[in-house]
Amino acid sequence: MKAQTIVAAAAALFGITAKATFSGTGFGTWYYDLEESEICGYDVSSLNNGNALCGWYTARTLEQVGSEYLVAMNDTQLKEDLTGYCGMQVIVTVNGVTSDLPFFIGDGCQRCSEGSPDATTYSESGAPGLDFSYPALNALSGGEACDDGYIEISWEITDNKIYDLFDA
Ligand SMILES: *[C@@H]1O[C@H](CO)[C@@H](O)[C@H](O)[C@H]1NC(C)=O
């Protein structure tokens with residue numbers, strides 16, 4: 001057997017089918033909460049009723065999706081390949097600890113699309129990263145989501161589709 005065949009066979013045997021389609025480092029922020037309408041002193045009720053970009057045809061709002069694991073990514077990048085990213089699992093690492101929370105791509109994040117993709121300092125007007133629900137960012141940060149409003153993260157978007165109720 002050729003080396004590639006052996007690797008493919010091993011991957012199939014152990015059920016490893018996901019490969020990273022995009023990975024990066026940057027900043028995690030929060031933008032919605034399905035339980036509370038006010039977070040860290042901000043009214044988020046209109047955001048909860050906002051359409052998730054991945055539900056472009058059926059116009060699914062964040063509330064209709066109903067999962068606090070929905071994550072927003074670089075808006076421009078997502079629009080370039082909706083079918084490639086929507087519903088795909090995202091593996092998030094904070095301070096060297098990889099989270100086992102089942103995050104998936106569902107929306108676009110404006111801040112994550114602007115500024116340098118290599119930026120190492122956070123700016124509200126543009127910095128690479130992902131945007132989460134408040135409970136998710138709180139879980140990732142050990143309860144510090146309100147303190148700075150952002151945390152340093154790295155991530156890997158896989159081709160493992162774990163949410164399939166979007167339009168693609
Ligand atoms: C967002 O994605 C676009 C398209 O791939 C890219 O040109 C841009 O640099 C990205 N922005 C950030 C902050 O990563």
Side-chain angles (χ1 to χ4, degrees), residues 17-33 39-40 42 44 46-62 65 67-142 144-168:
T17 50
K19 70 172 169 34
T21 56
F22 182 76
S23 57
T25 56
F27 302 90
T29 45
W30 60 266
Y31 76 112
Y32 72 100
D33 187 311
I39 294 295
C40 312
Y42 292 95
V44 292
S46 61
L47 287 165
N48 293 340
N49 289 316
N51 288 339
L53 182 58
C54 285
W56 69 91
Y57 183 66
T58 49
R60 293 180 76 84
T61 64
L62 296 175
V65 173
S67 170
E68 65 191 30
Y69 300 121
L70 179 148
V71 172
M73 68 179 278
N74 181 334
D75 190 61
T76 314
Q77 193 182 351
L78 175 58
K79 283 175 179 155
E80 284 170 355
D81 190 5
L82 287 163
T83 56
Y85 290 119
C86 289
M88 299 300 174
Q89 182 185 11
V90 191
I91 297 165
V92 179
T93 299
V94 181
N95 284 331
V97 180
T98 298
S99 170
D100 57 7
L101 296 175
F103 295 117
F104 60 90
I105 297 298
D107 207 354
C109 161
Q110 196 68 35
R111 180 267 304 174
C112 314
S113 70
E114 279 157 25
S116 165
D118 304 318
T120 52
T121 51
Y122 179 74
S123 164
E124 270 176 35
S125 56
L130 301 172
D131 215 358
F132 298 87
S133 71
Y134 173 74
L137 197 74
N138 233 352
L140 289 172
S141 65
E144 316 249 300
C146 280
D147 291 4
D148 294 323
Y150 66 89
I151 58 170
E152 287 183 26
I153 60 167
S154 63
W155 71 91
E156 195 175 297
I157 303 171
T158 74
D159 65 355
N160 182 20
K161 199 174 202 173
I162 60 169
Y163 182 87
D164 60 7
L165 296 178
F166 287 132
D167 301 323

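When a ligand or atom number is given, it counts from 1 through the structure's own listing order. Just so it is clear, the structure is predicted and the values come from calculations on it, not from any experiment.
- Only the backbone of Cys112 comes within 4.0 Å of ligand 1, judged by heavy-atom distances.
- Those atoms of ligand 1 with a heavy atom of Asn74 less than 4.0 angstrom away are 1 (C), 2 (O), 3 (C), 8 (C), 10 (C), 11 (N), 12 (C), 14 (O).
- Protein heavy atom nearest atom 14 (O) of ligand 1, with residue, atom name and distance: Pro117 CB, 3.3 Å.
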Item to check | Check against side-chain contact (heavy atoms from CB on, under 4.5 Å), Trp30 and Cys40 | outcome: CA-CA 10 Å; Trp30 60 266; Cys40 312; 3.6 Å; yes

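- Once rounded to the nearest 0.5 Å, the distance linking CD of Glu156 with OG1 of Thr25 reads 12.5 Å.
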Next on the checklist: Working note: Asp107 + Tyr32, criterion side-chain hydrogen bond (donor to acceptor under 3.5 Å, both in side chains); need CA distance, chi angles, decisive distance, verdict.
Outcome noted: CA-CA 11 Å; Asp107 207 354; Tyr32 72 100; over 6 Å; no

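- Within 4.0 Å of atom 7 (O) of ligand 1, not a single protein heavy atom is present.
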Next on the checklist: Let's go through Phe166 and Lys161 carefully: what are the C-alpha distance in whole Å and the side-chain angles of both, what is the deciding distance for side-chain contact (heavy atoms from CB on, under 4.5 Å) to 0.1 Å, and is it a yes or a no?
Outcome noted: CA-CA 11 Å; Phe166 287 132; Lys161 199 174 202 173; over 6 Å; no

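- Inclusion of Thr76 in the set of residues having an N or O under 3.5 Å from an N or O of ligand 1 is not warranted.
- Only one option out of Tyr150, Phe103, Trp155, Tyr31 pairs with Phe132 in a ring-ring contact (aromatic ring centres under 6.0 Å, His included); it is Phe103.
- Contacts between Glu80 and ligand 1, counted as non-hydrogen atom pairs separated by less than 4.0 Å, involve the side chain only.
- Heavy-atom neighbours of Asn49 CG from other residues, nucleotides or ligands within 6.0 Å: above the threshold of 12.
- For ligand 1, the atoms closer than 4.0 angstrom to any heavy atom of Gly115 are 13 (C).
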